[in-house]
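See structure below.
Numbered from 1 within each chain, the chains take letters A, B, ... in sequence-line order.
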Number of protein chains: 2
Amino acid sequence: MVTLAEVAQHAGVSASTVSYVLSGKRSISATTRRRVEESIRRLGYHPNAGARALASSRSNVIALMIPLRTDMYVPVMMEIAIAVATTARTHGYDVLLLTGEEGPDAVRRVVGSGLADGMILMDVELEDERLPLLRGDGRPSVLIGLPADTTGLTCVDLDFRATGALCVEHLAALGHRDVAVIGEAPAVYERHTGFAERTLDGLRSQARDSGVRLLHRPCEGGYATMAVTLARILDERPGTTAFVVQNESAVEPLLALLRQQGRAVPEDVSVVAICPEQVAVQASVRLTSVVIPAQEMGRYAVEHLVAKLDGRGDEEVVLIAPELTVRASSGPAPARA
Amino acid sequence: MVTLAEVAQHAGVSASTVSYVLSGKRSISATTRRRVEESIRRLGYHPNAGARALASSRSNVIALMIPLRTDMYVPVMMEIAIAVATTARTHGYDVLLLTGEEGPDAVRRVVGSGLADGMILMDVELEDERLPLLRGDGRPSVLIGLPADTTGLTCVDLDFRATGALCVEHLAALGHRDVAVIGEAPAVYERHTGFAERTLDGLRSQARDSGVRLLHRPCEGGYATMAVTLARILDERPGTTAFVVQNESAVEPLLALLRQQGRAVPEDVSVVAICPEQVAVQASVRLTSVVIPAQEMGRYAVEHLVAKLDGRGDEEVVLIAPELTVRASSGPAPARA
DNA sequence: CTGAAAGCGCTAACAC
DNA sequence: GTGTTAGCGCTTTCAG
């Protein structure tokens, strides 16, 4: 293993000079710099991460906590994780992957050990038990998602409230008066994951404003459950002419079932989805949708965290404005029977 | 920040004693141990990761390199990643997440800096440019996937050759003589990702042995492309009575299209999928399938890597035997026309 | 613009 | 069964 001292010797300079060449924290003559850089290359030197962390009390690692559950919005999470990892690299950070499993202990461990300089948490619940640890003094953190109380926290998320409103607004404008909402699995609501409830808020309040009747039903993914849910909805509200779907694994089943029942999309019923772009585009009907900006959220989260780590801190809640893209699944409400 | 020295002082023992209580590398009297543990708790001590890594030249971190592409088998990768992370924790390791983006440089960086003690690589190509770095001396590594030449490497993967064979065998036994294979996207084959080619091998050789005619077509996910692919297949081989699908995002489109064309599954055509269990179970028809054992692969990979790190090394290729689960999508071939 | 040297917090001989 | 101590490789004052 090549050490900084060896590089120094090889280049005929002192250790500190090599260190400063690396960090750029003081000016170095062009000649010296070149000699040192040459030695570094020749010897294949890589600074030792542990030593560096010990001496500087910075690990250049950020921790990313992802939920354990693989049952929900998996592609979104993956996309976020990848965006976080690549963005982090461009800022000189590596990413430590933590699963929610350990809960608050993981936060304590990582922060306490100096394994990471800061952390990004996904899948935040409204009353998340990890929040107290983040609020106080601890290391900087950024949440992807919005808890009930955001004081002292930095959060990034899609504005799900506005998203819900936007969906209803779109449908109302097309003349729909009876809208059904296919939501996430019941467990998601029970767990009080913020985004689901906020979407619902947005849907409801806009529905009130637009004179739209709303029926909300959580739904596990898959055909079997979707079939039951749909039957129930059409039973309770036979006049339903539009659906808002916030559940990736319910999208395709819904479309198939509608088709089977001879309900044409968008002539007889409209469908608006809240989902990643790929899902919207690859579905059997190109879906009018509000896209979940996974990459953007990941990038944002890292950039805010890095800013905080650099002392350019700012406690702030960033809500990304939703954008509704009209595709082939939504159209004017059919004439009343 | 609480240091080991402070714990030692608080407990009235020496630093080394605290260290040994923590590592268990020498015997400690029950009394001392209790006193130390109490002090650790009371002071909220967490060993500093950097210092520990520096002194012991072990970081207790393993690196996981995942592919950048989010277009392919995303849920599988996510499942593997999570299995890796949780298994690693049970062995006292944390996981560093690397994207394939940096390529071989990432390997050099991580290994050279001692950031991680070993690494797990996913999405290995047949002639992967990272392999030379892993083969030689370097830190221990485990591949998930199988390159062309495995000498000096440890690999874990589903036995895709056997998987292909198993699918054909199943269909042949049911009397099918014309089988079409819906494969991964063309890019996957062009990139020479091993698993796709090995599956094809298995399919083909078993087809020869069983007197089955095989037609293989790569396919991007989604409805539009699947429709084109299917039309072409039925045009070339109108007698096709069975499909093997190895492409998650083609499964549902295929089923929907067959339905639209009035071909009943499994009465008119059989479908066998190679996919994660969830996909097989949640599809519109419960699919006869060979499951991709993502969790098992992740777990295995970590356990082998940890074994290597502990000196219980073993260069070895582990191929997990495929298991075909018969569900509702396969049945006897229809009587010949 | 460059050197010298004091730690950072922990591990692992080496002593007893 | 426990204490002492010499580093691990780097960063960062303090000097010049």
* **B:Arg58 CZ: over 12 foreign heavy atoms closer than 6.0 Å** => yes
* What do you reckon, is OH of A:Tyr45 surrounded by more than 12 foreign heavy atoms closer than 6.0 Å? -> yes
* **Spacing between B:Tyr20 atom OH and C:dC16 atom P, to the nearest angstrom** => 16 Å
* A:Thr17 near the nucleic acid: base, sugar-phosphate alone, or nothing, with a heavy-atom cut-off under 4.0 Å? -> sugar-phosphate
* Going by heavy atoms closer than 4.0 Å, what residues in residues 21-41 of chain B are next to DNA chain D? -> B:Arg26, B:Ser27, B:Ile28, B:Ser29, B:Thr32
* Closest to the B:Ser16 side chain, choosing from C:dG3, C:dA12, C:dG9 -> C:dA12
* Run the salt-bridge test on B:Arg33 and B:Glu37 with the 4.0 Å N-O cut-off and return the result as yes or no. => yes
* Asked: On a plain distance test, is the side chain of B:Ser14 in donor-acceptor contact with the base of D:dT4 below 3.5 Å?
  -> no
* Side chain B:Thr150, main chain B:Leu153, donor-acceptor under 3.5 Å -> no
* Examine distances only and state if a side-chain atom of A:Glu6 and a backbone atom of A:Thr3 form a donor-acceptor pair shorter than 3.5 Å. => yes
* Measure from the side-chain N and O atoms of A:Arg52 to the backbone N and O of A:Ser59, and report whether any donor-acceptor pair falls under 3.5 Å. => no
* In whole angstrom, give the distance that lies between atom CD of B:Gln9 and atom P of C:dG9. => 14 Å
* Structure fact -> When rounded to whole Å, the CD to P distance for the pair B:Glu6 and C:dC10 reads 9 Å
* Just how far, in rounded Å, is P of D:dG7 from CE of A:Met1? -> 18 Å
* Is a donor on one side and an acceptor on the other found under 3.5 Å between the side chain of A:Ser39 and the backbone of A:Arg35? -> yes
* Asked: Would a distance-only check, ignoring hydrogens and angles, find a side-chain to backbone donor-acceptor pair under 3.5 Å from B:Thr86 to B:Ala83?
  -> yes
* Sugar-phosphate only, base, or nothing, as touched by A:Val13 at under 4.0 Å among non-hydrogen atoms -> sugar-phosphate
* Under 3.5 Å, side chain of B:Asp117 to main-chain N/O of B:Asn60, donor-acceptor pair present? -> yes
* Across the strands shown, which category fits A:Thr3 at heavy-atom distances under 4.0 angstrom: base, sugar-phosphate, nothing? -> sugar-phosphate
* Asked: For the helix from C:dC1-D:dG16 to C:dC16-D:dG1, what is the angle between the axes at its two ends, each from 5 pairs, rounded to 10°?
  -> 30°
* **A:Asp314 (side chain) donor-acceptor with A:Glu316 (main chain) under 3.5 angstrom** => no
* Asked: Which ones in residues 46-63 of chain B lie close to DNA chain D, meaning a heavy atom under 4.0 Å from one of its atoms?
  -> B:Leu54, B:Ala55
